[in-house]
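One structure is given below, encoded as structure tokens.
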Amino acid sequence: MQKQRELDQLIRSVAESGEKLPVNERRNFLKNGLALLGGAGVAAAARGAGEGVPPGVPSWTRSLGSSVNTNPYGMPSPHEAHVKRRTVEWLTADKIASVSFTPLADLKGIITPSGVVFERYHAGLPDVNPDHHRLMIHGMVDRPMIFSMDDLMRFPSVSMIRFLECPANGGMEWRAAQMDRLQFSHGMLACCEWTGVLLSTLLQECGVHKDASWILAEGSDGSHMSRSIPMEKAMDDALIVYAQNGEMLRPEQGYPVRLINPGWEGNTCVKWLRRLEVGDQPWYHREETSKYTDLLPSGKAREFTFVQEANSVLTNPCPEKPLGKPGKLWVEGLAWSGRGRIKHVDVSFDGGVTWREARFTSVVEPRALTRFGIEWDWNGNPALLQSRAVDETGYVQPTYRQLRDARGSSSIYHKNAIHTWKLNSDGSVVNVQIS
Ligand SMILES: Nc1nc2c(c(=O)[nH]1)N[C@H]1C(S)=C(S)[C@@H](COP(=O)(O)O)O[C@H]1N2
Ligand SMILES: [Mo]
């Protein structure tokens with residue numbers, strides 16, 4: 001009773017996200033939402049009328065299909081055409097220095113298909129010829145070297161499944177609930193199997209000076225985007241990546257070669273990588289072109305905040321995946337931590353008043369997306385759904401209040417607060433915030 005009252009109060013108090021999506025997106029989204037919302041009833045009726053439903057025999061079982069190799073490079077079913085990257089028109093001034101978002105609501109497991117991994121460009125997508133591309137390592141090394149792609153393939157190869165997240169992921173949510181779609185609230189996030197050469201292997205080859213402590217990584221796109229990387233990370237798990245999900249890197253992800261710093265800001269994962277300069281201090285005040293800092297209420301700023309701390313979000317239900325009828329259903333989501341493995345995830349259906357432990361439904365790799373799920377018997381009443389991740393260091397994903405107490409609300413980066421979806425009794429789901 002007490003709990004129910006608390007939940008009712010919470011539901012009344014939450015601030016819903018504003019109507020900020022461009023009108024056409026919003027209209028499409030509502031249309032999709034409503035179509036889905038028709039839910040079990042409508043869908044079943046439509047399907048029941050179809051010729052393929054037993055005891056009927058669908059036409060495609062009575063004819064030959066198309067020949068092998070009709071699609072020499074296969075594509076998803078045309079019925080899945082809605083699963084695609086999307087942009088938010090008003091977010092950036094142009095489409096060159098911009099971002100497209102991963103359609104998280106429609107993905108399964110933990111691997112993001114290469115074709116829908118979010119894109120973040122500072123100067124657009126360059127077309128790099130791998131035969132002409134070189135990676136140079138110089139500075140405080142005994143043997144400066146220039147590697148062709150063929151050269152890189154001669155080194156021992158390593159594959160790892162790791163997430164990639166822009167530190168601005170969810171940045172629009174700092175002040176209030178804003179993006180009424182999972183794709184936009186959390187979609188600067190992906191997880192791939194990355195294959196390449198450990199940076200430490202290449203550095204050994206070049207003979208790094210003992211007092212070297214930083215590396216500047218620079219891209220060959222028009223922005224020459226560069227970031228200073230501490231030597232500890234370079235010697236730990238930083239990977240010079242040439243392949244993604246079993247094939248060579250996609251152009252969008254930095255073809256033919258990029259840096260991946262597992263668990264760290266996506267911004268440090270320099271694409272179309274051409275130069276690594278070894279030095280003994282960060283390049284911030286010299287030539288580093290990109291620097292992400294978190295402005296604090298005190299006026300001070302946090303810098304070198306490389307690690308993406310533990311985070312999680314429910315992917316079903318979510319605004320793009322409203323619920324049909326009440327009853328038993330499978331609630332699931334994704335959790336990840338730049339510090340290592342996810343240890344456990346709790347789910348709340350009453351805005352954080354009570355919690356239940358979810359179970360993992362994927363492999364649990366360090367610094368990778370981890371999928372969790374939990375059974376729930378929805379009684380049809382409005383509810384506030386949340387997930388809370390804990391990683392192997394014991395770090396607990398913070399509430400908005402905890403995060404804002406520590407960082408204020410004018411930041412853009414590293415928003416990892418517990419996210420709330422408000423489920424309405426008609427099954428629709430909206431983005432809200434509980435302070
Ligand atoms: N050379 C270069 N590297 C880059 C960028 C860029 O614009 N140019 N964008 C960075 C940012 S801000 C992010 S979040 C990630 C995004 O990687 P993705 O586009 O493969 O998702 O790449 C990083 N590496
Ligand atoms: Mo980014």
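Start at 1 and go down the list; that is how both ligands and their atoms are numbered. The shown structure was predicted, so the numbers you read here are calculated from the model rather than taken from an experiment. Note that the numbering runs from 1 along the sequence shown for the chain.
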- Glu252 and Lys271 ion-paired at < 4.0 Å: no
- Which of these, Arg120, Met188, His224, has its nearest heavy atom closest to atom 9 (N) of ligand 1? Arg120
- Message: If we only consider heavy atoms of Ala190, is any one of them less than 4.0 Å away from an atom in ligand 1?
- Response: no
- Does a side chain donor of either Asn416 or Tyr395 reach within less than 3.5 Å of an acceptor in the other side chain? yes
- Task: Tell me yes or no: between the side chains of Ser312 and Gln397, is some donor less than 3.5 Å from an acceptor?
- Result: yes
- Message: I want to know if ligand 1 touches Asp221 in the polar sense, i.e. an N/O pair below 3.5 angstrom.
- Response: yes
- Message: Geometry only, no angles: is Lys271 polar-contacting ligand 1 at N/O separations under 3.5 Å?
- Response: yes
- Message: Taking a cutoff of less than 4.0 Å between a non-hydrogen atom of the residue and any ligand atom, is Arg258 in contact with ligand 1?
- Response: yes
- Item | Phe118-ligand 1 polar pair, N/O distance under 3.5 Å | yes
- Relative to the heavy atoms of Cys166, which atoms of ligand 1 are at a distance of less than 4.0 Å? 14 (S)
- Task: Assess whether salt bridge (Lys or Arg N to Asp or Glu O under 4.0 Å) is satisfied between Lys108 and Glu80, documenting all intermediate values.
- Result: CA-CA 13 Å; Lys108 307 294 179 195; Glu80 299 297 321; over 6 Å; no
- Query: Salt bridge check: are Asp237 and Arg367 linked by an N-O gap of less than 4.0 Å?
  - Reply: yes
- Task: Could you tell me which atoms of ligand 1, counted from 1 in the order shown, lie closer than 4.0 angstrom to a heavy atom of Gly219?
- Result: 1 (N)
- Note on the structure: ligand 1 atoms nearer than 4.0 angstrom to some heavy atom of Glu119 are 19 (O)
- Task: Just let me know how Cys269 lines up against ligand 1, side chain, backbone, both or neither, with a heavy-atom cut-off below 4.0 Å.
- Result: backbone
- Message: With heavy-atom distances below 4.0 Å as the criterion, list the atoms of ligand 1 near Tyr121.
- Response: 7 (O)
- Quick one: do the Ser148 and Asp150 side chains pair a donor with an acceptor below 3.5 Å? no
- ligand 1 atoms nearer than 4.0 angstrom to some heavy atom of Glu252 are 19 (O), 20 (O)
- No-hydrogen, no-angle side-chain donor-acceptor test under 3.5 Å, Asn169 and Gln308: no
- Task: Pull out every atom of ligand 1 sitting under 4.0 Å from any heavy atom of Leu164, numbered as shown with elements.
- Result: 17 (O), 18 (P), 20 (O), 21 (O)
- Message: Tell me the nearest of His122, Arg274, Gln253 to atom 6 (C) of ligand 1, using heavy-atom distances.
- Response: His122
- Message: Does the Lys NZ or Arg CZ of Arg258 fall within the cation-pi geometry relative to Trp194 - under 6.0 Å from the ring centre and within 45° of the axis?
- Response: yes
- Message: Working to the nearest 0.5 angstrom, can you tell me the gap between Glu320 CD and Phe184 CZ?
- Response: 8.0 Å
